[in-house]
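Working notes for the structure below.
Reckoned from all heavy atoms, side chains included, excluding hydrogens, waters and symmetry mates.
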Amino acid sequence: MSTKYVFVTGGVASSLGKGIIASSLAKLLQARGYKVANQKLDPYINIDPGTLNPYEHGECYVTDDGAETDLDLGHYERFTGCPTSQANNITTGRIYQNVITKERRGDYLGKTVQIVPHITDEIKRNIKLLGNQGEYDVVITEIGGTVGDIESLPFIEAVRQLRWELGEKSVLIHLTLVPYLHASGELKTKPTQHSVKALLEIGVQPDIIVLRTEHDLNTEIRRKVALFCNVAPKAVMQSIDVDTIYEVPIKMREEKLDEIVLEQLGLPLNSDPDLDNWKKFLYKLKNYSKEVRIGLVGKYVELHDAYKSIVESFIHAGAVNDCKVNIEWIHSEELNKENAPAKLKDLHGILVAPGFGHRGISGKLTAIEYARTHNIPFLGICLGMQMAVIEFARNVLKMEGADSTEMAAKTAYPVIDLMASQHDITDKGGTMRLGAYKCKLKEGSKAYEAYGQKEIQERHRHRYEFNSKYREEFENAGMLTTGINPESGLTEIVEIPAHKWFVGVQFHPEYKSTVIKPHPLFVAFIKACLS
């Protein structure tokens, strides 16, 4: 069977949840036995979000093959459990880079290189990369931005051409907003009508319209949208606000999104989707017997999307432990030794988040010292692990001014130093240690206890590492290296065995936590916080 394609576009406003709708549809089709892949087309000119400040684009998600991608790929993996790759996220920057490289190479000799056909052909080629592998029954492509945006136009045009070429092998879902006007007490469909009109002007007719709403939509509203937007009434469905994004697949099942998509693609319904495990997870999520308070210490805490995968990992781990995880967002720039007791004393656990640069470092060190000296379960991720090493060096080993060469190039004690492989690198984009690497665990350690195996693979995103020449001093003082890369000797995990639960990891465990397979380190961390 040849691969079928589903396209998801958005109108009226951004952040309506295209990624969640795309992920939910993938989950429903997967639950019916279909092999599904998600991909995201991002209209910005950056090659990838790797050099973007989280304030610009939220979390940068990293795949096994080392691609720095949009945070929606995290949703794709969390919902389906299927790993993504470089082919699952395409930006305008990569499209233009590929076309310009071909032009310089002479592939277009004698031709004027233009948006149509050269840019649109390259977009179509990238859209079909996953389908051409022959592994998937359906590829769901989410198009970033909003219909009408200048930067999105080449992508929409490519979709128009591709739909014409594919014929009955494709479906287009358009997600829009139905706002509620409190003054008049009315739901308004006009923004949706204008959004669909903008699509039609480009030559694209949606097959299914999903209406994001705060209130239930009646039959009259759905019929009105169907009439003005040229779709069947049953293909107009609502996506109502819910308590958790993990309810959306259930809501979309109630709206029969999966049935209508399969019907329009000419694919059999097979059996009803098997969502038993998903429903069990939702039940645990809503019916818990315990609660914990975890302090998440970082410098982007006012923007929760900067730590999206960490937040979702806590949700997954909480459900496993029959527990609700309440996150206390603690800005590292506002934390100091004077206010630390008041801000941290009622916490069951402390996580120091990843990041780059010197801003907020003092607050992170303060949080780590408090967790270490007050026997509060601690998890440090990437920079959080590095800060744990620095705090231990300064306060236990008495290495005055110990630091990372990222923050202090001339420190007398560079306990965190630039990786040897990074010394000659000048470009900032895509040059860090990225992707999945092996890690060998020390038996008897907290990490080994959590994973239950000797060797693991985790995803990385860093340039600096624990300086191995200090390893013996640290171990003699009570901070052990319990995870190591078998090829490079890089320290991946540090622990303090004398502490209740104190673990720092150089990698990003949050990238691999899913609904069906919560990450073992987060599960163990929450378990320790409950004990």
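Under the 3.5 Å distance criterion, the side-chain polar atoms of Ser195 are left unmatched by any main-chain donor or acceptor of Pro191. Listed for the Arg461 side chain is no donor-acceptor partner under 3.5 Å among the backbone atoms of Cys60. No side-chain donor-acceptor contact under 3.5 Å links Asn88 to the backbone of Thr84. Between the side chain of Asp48 and the backbone N or O of Gly50 there is at least one donor-acceptor pair closer than 3.5 Å. Within the 3.5 Å criterion, the main-chain N or O of Thr80 finds a donor-acceptor partner in the side chain of Gln30. The closest donor-acceptor contact from the side chain of Ser170 to the backbone of Val6 lies at 3.5 Å or more, if one exists at all. The backbone N or O of Gly131 sits less than 3.5 Å from a side-chain atom of Thr3, completing a donor-acceptor pair. A donor-acceptor pair under 3.5 Å links the side-chain atoms of Gln238 to the main chain of Leu217, judged by distance alone. Although no hydrogens or angles enter the test, the distance criterion places no donor-acceptor pair under 3.5 Å between the side chain of Arg293 and the main chain of Ile327. Side chain of Asn126 to backbone of Glu122: a donor-acceptor contact under 3.5 angstrom is found.
Between Asp207 and Arg163 there is a salt bridge, with a side-chain nitrogen of the basic residue lying less than 4.0 Å from a carboxylate oxygen of the acidic one. With respect to Glu186 and Lys188, a salt bridge is recorded, a charged nitrogen being found less than 4.0 Å from a carboxylate O. A salt bridge links Lys124 to Asp121: at least one charged side-chain nitrogen sits closer than 4.0 Å to a carboxylate oxygen. The existence of a salt bridge linking Lys18 and Asp72 is excluded, since no basic side-chain nitrogen approaches an acidic carboxylate oxygen closer than 4.0 Å. We find that Lys234 and Glu263 are joined by a salt bridge, their nearest charged nitrogen and carboxylate oxygen being less than 4.0 Å apart. Using a 4.0 Å cut-off between charged nitrogen and carboxylate oxygen, Arg459 and Glu77 count as a salt-bridge pair. A salt bridge does not link Lys308 with Glu510: none of the charged nitrogens is closer than 4.0 Å to a carboxylate oxygen. Classification of Glu220 and Arg223 as a salt-bridged pair fails, no side-chain N sitting under 4.0 Å from a carboxylate O. A salt bridge links Arg222 to Glu255: one of the charged nitrogens lies within less than 4.0 Å of a carboxylate oxygen. Of the charged side-chain nitrogens involved, none lies within less than 4.0 Å of a carboxylate oxygen, so that Lys35 and Glu135 do not count as a salt-bridged pair. The residues Lys512 and Glu312 are annotated as not salt-bridged, no charged nitrogen and carboxylate oxygen being separated by less than 4.0 angstrom.
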Checklist entry - Would Glu492 and Lys438 count as a salt bridge (charged side-chain N to carboxylate O under 4.0 Å, His left out) if you check the C-alpha gap in whole Å, the side-chain angles of each, and the deciding distance to 0.1 Å? => result CA-CA 9 Å; Glu492 299 276 18; Lys438 291 178 181 178; over 6 Å; no
Checklist entry - Going through the checks in order, is the salt bridge (charged side-chain N to carboxylate O under 4.0 Å, His left out) test met by Asp42 and Lys40? => result CA-CA 6 Å; Asp42 270 310; Lys40 174 80 181 285; 3.3 Å; yes
Next on the checklist: side-chain hydrogen bond (donor to acceptor under 3.5 Å, both in side chains) for Gln161 and Glu165? Distances and angles first, verdict last.
Outcome noted: CA-CA 6 Å; Gln161 294 178 21; Glu165 295 167 14; over 6 Å; no
Checklist entry - Given Asp258 and Arg32, is the salt bridge (charged side-chain N to carboxylate O under 4.0 Å, His left out) satisfied, shown in steps? => result CA-CA 9 Å; Asp258 52 328; Arg32 286 183 179 273; 2.8 Å; yes
Checklist entry - Which is it for Asp241 and Arg212 under the salt bridge (charged side-chain N to carboxylate O under 4.0 Å, His left out) test, yes or no, and what are the steps along the way? => result CA-CA 8 Å; Asp241 290 358; Arg212 182 68 188 272; 3.1 Å; yes
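Residues His174 and Gly11 share a closest heavy-atom pair of CE1-N, 3.6 Å. Of all the heavy atoms in Ala31 and Leu275, the pair that sits closest is CB-CD2, 3.8 Å. Closest heavy-atom contact between Gln264 and Ile208: NE2-CG1, 4.1 Å. Taking both residues in full, the closest heavy atoms of Val325 and Gly318 are given as CG2-CA, 3.9 Å, listed atom of the first, atom of the second, then distance. Across all their heavy atoms, Ala447 and Leu521 have their closest contact at CA-CD2, 4.4 Å. Here the closest non-hydrogen pair linking Val8 and Ala22 is CG2-CB, 4.3 Å.
Using cut-offs of 30° and 60° for the angle between ring planes, the Phe7 and Tyr5 rings count as parallel. A tilted orientation is assigned to the rings of Tyr307 and Tyr300, their planes being inclined by 30° to 60°. Between Trp329 and His304, the two ring planes are parallel [angle under 30°; tilted spans 30° to 60°].
Here NE2 of His508 is found 12.0 Å from OG of Ser313. Values are rounded to the nearest 0.5 Å. Expressed to the nearest 0.5 Å, how far CD1 of Ile209 lies from OG of Ser239 amounts to 14.0 Å. Within the model, atoms CG of Asp272 and CG of Leu28 stand 11.0 Å from one another, a figure rounded to the nearest 0.5 Å. Taking CD1 from Ile260 and CG from Leu25, the interatomic distance works out to 11.0 Å, rounded to the nearest 0.5 Å. Rounding to the nearest 0.5 Å places CD1 of Ile20 at 9.0 Å from OG1 of Thr244. Within the model, atoms OG1 of Thr192 and NZ of Lys197 stand 14.5 Å from one another, a figure rounded to the nearest 0.5 Å.
Within the 4.5 Å cutoff, no side-chain heavy atoms of Phe378 are placed close to those of Leu351. The shortest side-chain heavy-atom distance between Pro268 and Tyr34 falls under the 4.5 Å cut-off. With contacts defined as side-chain heavy-atom distances shorter than 4.5 Å, the pair Ile310/Pro354 qualifies.
Within 6.0 Å of OH in Tyr180 there are more than 12 heavy atoms belonging to other residues, nucleotides or ligands. Atom NZ of Lys102 sits in a crowded spot, with more than 12 heavy atoms from other residues, nucleotides or ligands closer than 6.0 Å. Within 6.0 Å of atom CD in Glu333, more than 12 heavy atoms from other residues, nucleotides or ligands are found, so the atom counts as buried in its surroundings. Within a 6.0 Å sphere centred on CD1 of Ile45, other residues, nucleotides and ligands contribute 12 heavy atoms or fewer. For Ile150, the CD1 atom sits in a loose shell: 12 or fewer heavy atoms of surrounding residues, nucleotides or ligands are nearer than 6.0 Å.
In summary, the aromatic rings of His316 and Tyr246 are positioned with their centroids under 6.0 Å apart. Here Tyr451 and His519 bring their ring centres to under 6.0 angstrom of each other. Within the 6.0 Å centre-distance limit, the rings of Tyr61 and Tyr511 are counted as a close aromatic pair. A ring-centre distance under 6.0 Å is found for Trp278 and Phe79.
Taking the ring axis of Tyr437 as reference, the NZ or CZ atom of Arg433 stays within 45° of it and closer than 6.0 Å to the ring centre.
Listed by first then second residue, pairs satisfying salt bridge (Lys or Arg N to Asp or Glu O under 4.0 Å) with a partner in residues 316-325 read Lys290-Asp322, not counting sequence neighbours.
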What pairs of donor and acceptor atoms, side-chain ones from residues 138-146 against any protein atom, are under 3.5 angstrom apart with sequence neighbours left out?
residue, atom, partner, partner atom, Å
Thr141, OG1, Gln39, OE1, 2.8
Glu142, OE1, Tyr76, OH, 2.5
Glu142, OE2, Gly19, N, 3.4

